[in-house]
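Note that these values count all heavy atoms, side chains included, but never hydrogens, waters or copies made by symmetry.
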Amino acid sequence: MGKQTNIRLDEAVKAAAEDRAKRRGLSLQGYVADLIEADVNQSRAAFMAGAAAFLAAYTEEFESEVGEDRYPGLPDKPAETAPKDAA
């Protein structure tokens, strides 16, 4: 269950929003929630696309600095683990 949020709208904006909600078969609350969710998802998608472009542009620099598939502070080789049935 979501949290309740109150908003203030100009009467004309509220009337227009109610009309659009009705045409979509939604309550005003559902319409506003859908608009906010779409905006948040669009922002998230734009951020992820930017991050992917950044990583693609600087792949060579990252690999030369830390090596492919390595992260600073981690050992070069994975730690050896005991066999599962050796408990």
Discussion item. Once side-chain hydrogen bond (donor to acceptor under 3.5 Å, both in side chains) is applied, do any residues pair with Asp34, and if so which ones, sequence neighbours excluded?
Written reply: none
Worksheet, complete the sentence: Sorted by chain and number, sequence neighbours left out, ring-ring contact (aromatic ring centres under 6.0 Å, His included) with Phe54 holds for Tyr58
Fill in: Arg8: side chain to side chain contact (heavy atoms under 4.5 Å, CB included) partners, not counting sequence neighbours
none
Fill in: Distance-minimising heavy-atom pair for Ala17 and Leu28
CB-CD1, 3.6 Å
Worksheet item: Pairs in or reaching into residues 37-48: which pass salt bridge (Lys or Arg N to Asp or Glu O under 4.0 Å), with residues at least two apart or in two chains?
Response: none
Item to complete: Go through the structure and list residues passing salt bridge (charged side-chain N to carboxylate O under 4.0 Å, His left out) with Lys14, not counting sequence neighbours.
Response: Glu18
Practice prompt. Enumerate the residue pairs fulfilling side-chain hydrogen bond (donor to acceptor under 3.5 Å, both in side chains) with a member in residues 20-29, sequence neighbours excluded, ordered by first and then second residue.
Written response: Asp19-Arg23
Worksheet item: Between Val32 and Val40, is there a shared hydrophobic cluster once you connect ILVMFWY residues whose side-chain heavy atoms come closer than 4.5 Å?
Response: yes
